[in-house]
Colleague: 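One structure coming up, written as structure tokens, with questions to follow.
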2 protein chains.
Amino acid sequence: MKISELSRRTGVPVASIKYFRRQGLLPAGRATAATLAEYGEEHAERLRLIKALTTLGGLSIAATREVLGAVDQARTTEGALGAISYALPVPVASQGGAGEEEEAEAERAAGAEVAELLAALDWRAPAASPHVQGLTTALKELRRLDAQYAPGELAAYAGLAESVARLDLARAECLDDPVALAERAVIVFAICAPVFELLRRLAQEDQVRRRLADGDAGGPPSECGPH
Amino acid sequence: MKISELSRRTGVPVASIKYFRRQGLLPAGRATAATLAEYGEEHAERLRLIKALTTLGGLSIAATREVLGAVDQARTTEGALGAISYALPVPVASQGGAGEEEEAEAERAAGAEVAELLAALDWRAPAASPHVQGLTTALKELRRLDAQYAPGELAAYAGLAESVARLDLARAECLDDPVALAERAVIVFAICAPVFELLRRLAQEDQVRRRLADGDAGGPPSECGPH
DNA sequence: AGCTACTGGATAGTGGCAGTATCTTGTTGT
DNA sequence: ACAACAAGATACTGCCACTATCCAGTAGCT
């Protein structure tokens, strides 16, 4: 199929298709002449994946390239899952605070907290893992905002995260073909994160609503269990 | 304190402070003369919050303005929580697909799936809620990618999301002062989402690692339980 | 062969965003 | 009086994700 038809079938403008090609997100069509190339179903598929990653997953073009690169290099299941996980952007940017001294101190404290958590849960992750780094940064900032997790709270969240991850893995692994598996894994890892976030928001919304209804009788606006 | 000192203490450049003021994120200092204003501790505090929302929470300036507006208008606990929840950007953008006919069909199917989920969980949320809308969009796209959730899977995620939300609410509500509460709620809602995402990634990483270790003996690269 | 519509590829331009720099006018402190 | 700084307004910068234009080179019809 020609580029115009690919465009028509996917709803992506021709100029954007060319752009994705230039950016290395989409392989070139099979050239049949100097100014003519043939595109196949796999191109349409890839285009759908690109759109899903950028719009649903909120990934940048660069991040999408990373992720798709990991998909394309996926030879074994495990390798693919790991590569994809590392290719996804970490959702925290460090910010460079003011003080020098206390900054280092906060960094140490946060790092210790992360290490302790990993040890308690028996999660194995290299200290250089971007996720460990990001978590350390986030905890450091929360500490600076005076909104640390209470003891055990972080572990409670982590336990739930583990359950979620178990569901993710089950969802990602039930395929035989390594290529299909890699693509599925991308979707599960990259696109299902916002879905869970939405579920969490809905759950929050519901609970807030319930609390409002309960408190309607004129009780105190916020009661808080013993802590 | 003068703007230069505010800058020094928070690590935010003077030009950026002015920019935030123009954008309505930061109240003006108390003017003591035509070209002189006095800033207080609350400005430093607000600046820290802004930086946390934009760098850790990944919010845009516009979204940050929304959220801070909700904080400032927070009179009651419940109102604040709801307003903040709605002020946060929804992590899915709709994308406008190709076909007209089947598009509407997919939309209907996804909408029904969401409604069914909400009914099953007895979650109360208006159909117009941005979270409901976003979830519908996401499910529609997943369907198009042939990566729908298996029956019951979505509910399993939702159950975990509910537990997470319960932790969130507990974390947000343990304060008396409504202003402090609103600020805490912002942090819990906006900044802890990436933290959970990181925990999820770490959990995924650990489980992938374990699976790799198990399969090392030379077994088949991917086995999948009976399903 | 001639003509038009279309193709792939290269290059340049657009609009939005998040700052950053500059300029003007006014104030402070010595 | 005067250098140093302050405030606000305006303009500029760099990045990103496209989008438009231009240039040969076919394809297919007549």
Side-chain angles (χ1 to χ4, degrees), chain A residues 1-40 43-44 46-47 49-68 89 92-96, chain B residues 1-40 43-44 46-47 49-68 89 92-96:
Chain A
M1 106 183 80
K2 291 174 194 162
I3 201 171
S4 57
E5 192 182 347
L6 184 62
S7 167
R8 194 180 49 68
R9 282 182 45 181
T10 57
V12 179
V14 171
S16 300
I17 295 177
K18 290 182 175 182
Y19 171 65
F20 293 147
R21 242 206 41 58
R22 277 200 306 282
Q23 294 299 318
L25 306 189
L26 189 73
R30 193 174 50 81
T32 60
T35 63
L36 216 42
E38 180 72 10
Y39 295 88
H43 290 93
R46 172 55 65 102
L47 223 35
L49 190 55
I50 291 169
K51 282 317 266 181
L53 287 174
T54 55
T55 65
L56 289 187
L59 298 194
S60 69
I61 295 296
T64 305
R65 180 171 38 234
E66 288 298 306
V67 169
L68 291 177
V92 256
S94 65
Q95 62 173 110
Chain B
M1 111 183 75
K2 291 176 196 159
I3 201 170
S4 56
E5 194 183 346
L6 184 62
S7 167
R8 195 181 47 70
R9 284 183 42 182
T10 57
V12 179
V14 171
S16 299
I17 295 177
K18 291 182 175 183
Y19 171 65
F20 293 147
R21 242 206 39 58
R22 278 200 307 282
Q23 295 297 318
L25 306 190
L26 189 73
R30 193 174 49 81
T32 60
T35 64
L36 216 42
E38 180 71 12
Y39 295 88
H43 291 93
R46 172 55 64 102
L47 224 34
L49 190 54
I50 291 169
K51 283 317 268 181
L53 287 175
T54 54
T55 64
L56 288 187
L59 298 194
S60 68
I61 295 296
T64 305
R65 179 169 42 233
E66 289 297 307
V67 169
L68 291 176
V92 253
S94 65
Q95 60 172 112

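All values below come from the heavy atoms of this structure, side chains included, with hydrogens, waters and symmetry mates left out. Keep in mind that this is a model prediction, so the values were computed, not measured.
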Colleague: Any side-chain heavy-atom pair from A:Arg21 and A:Ile17 closer than 4.5 angstrom?
Modeller: no
Colleague: Which nucleotide wins on minimum distance to the side chain of B:Ala33, given the candidates C:dA12, C:dG9, C:dT28?
Modeller: C:dT28
Colleague: Enter the inter-axis angle for the ends of the helix from C:dA1-D:dT30 to C:dT30-D:dA1 (five pairs per end, rounded to 10°).
Modeller: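 Comparing the first five pairs with the last five, the axes sit 10° apart.
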Colleague: Pick base, sugar-phosphate or nothing for A:Ala34, based on heavy-atom distances below 4.0 Å to the nucleic acid.
Modeller: sugar-phosphate
Colleague: Both B:Arg22 and B:Lys2 contact DNA chain D. Taking the nearest nucleotide for each, which residue is further toward the 5' end?
Modeller: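 It is B:Lys2 whose nearest nucleotide is closer to the 5' end.
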Colleague: Given atom CD of B:Gln23 and atom P of C:dT20, what is their separation to the nearest angstrom?
Modeller: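 To the nearest whole Å, that distance equals 13 Å.
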Colleague: Do side-chain atoms of B:Ser7 reach the backbone of B:Val12 as a donor and acceptor pair under 3.5 angstrom?
Modeller: yes
Colleague: Less than 4.5 Å apart, any side-chain heavy atom of A:Phe20 and any of A:Gln23?
Modeller: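 In short, these two side chains do not touch, never coming nearer than 4.5 Å.
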Colleague: Write down the distance between NZ (B:Lys18) and P (C:dT25), rounded to a whole number of angstrom.
Modeller: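 Checked: the NZ to P distance equals 15 Å.
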Colleague: Once you round it to whole Å, what is the distance between P of C:dG8 and NE2 of A:His43?
Modeller: 11 Å
Colleague: Report the distance from atom OH of A:Tyr39 to atom P of C:dT7, rounded to the nearest whole Å.
Modeller: 10 Å
Colleague: Please work out if B:Thr54 contacts a base, only the sugar-phosphate, or nothing of the nucleic acid, heavy-atom cut-off 4.0 Å.
Modeller: nothing
Colleague: So, for B:Arg46 and B:Pro27, which heavy atoms are closest and what is the spacing to 0.1 Å?
Modeller: CG-CD, 4.4 Å
Colleague: Over how many whole Å does the gap from A:Met1 atom CE to C:dG8 atom P extend?
Modeller: 12 Å
Colleague: Shortest non-hydrogen contact from B:Gly40 to B:Met1?
Modeller: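 Scanning both residues completely, I find the closest heavy atoms to be O-CE, 3.5 Å.
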Colleague: Do you know the tightest heavy-atom contact between B:Tyr39 and B:Lys2?
Modeller: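 It is CD1-C, 4.1 Å.
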Colleague: Provide the start and end nucleotides, 5' to 3', of the part of DNA chain D that has atoms under 4.0 Å from heavy atoms of chain A.
Modeller: D:dA17 to D:dA27
Colleague: What are the two closest non-hydrogen atoms of B:Leu25 and B:Leu68, and how far apart are they?
Modeller: O-CD1, 3.7 Å
Colleague: From the options C:dT27, C:dG8, C:dG19, select the nucleotide whose nearest atom is closest to the side chain of B:Leu36.
Modeller: C:dT27
Colleague: Are the side chain of A:Arg65 and the backbone of A:Gly24 linked by a donor-acceptor contact shorter than 3.5 Å?
Modeller: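 Flag not set: sc A:Arg65 to bb A:Gly24 has no pair under 3.5 Å.
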Colleague: Do the side chains of B:Ile3 and B:Lys18 get nearer than 4.5 Å, heavy atoms only?
Modeller: yes
Colleague: Between A:Phe20 (CZ) and C:dG8 (C1'), how many Å, whole number?
Modeller: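 Those two atoms, CZ and C1', are 17 Å apart.
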Colleague: Need one value for A:Ala37: base, sugar-phosphate or nothing, where a base atom within 4.0 Å counts as base even if backbone is also close, heavy atoms only.
Modeller: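 Sugar-phosphate, no base atom in range.
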Colleague: Let's see if you can work this out: which of C:dT20, C:dT7, C:dA18 has an atom nearest to the side-chain heavy atoms of B:Ile61?
Modeller: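 Nearest to the side chain of B:Ile61 among the choices is C:dA18.
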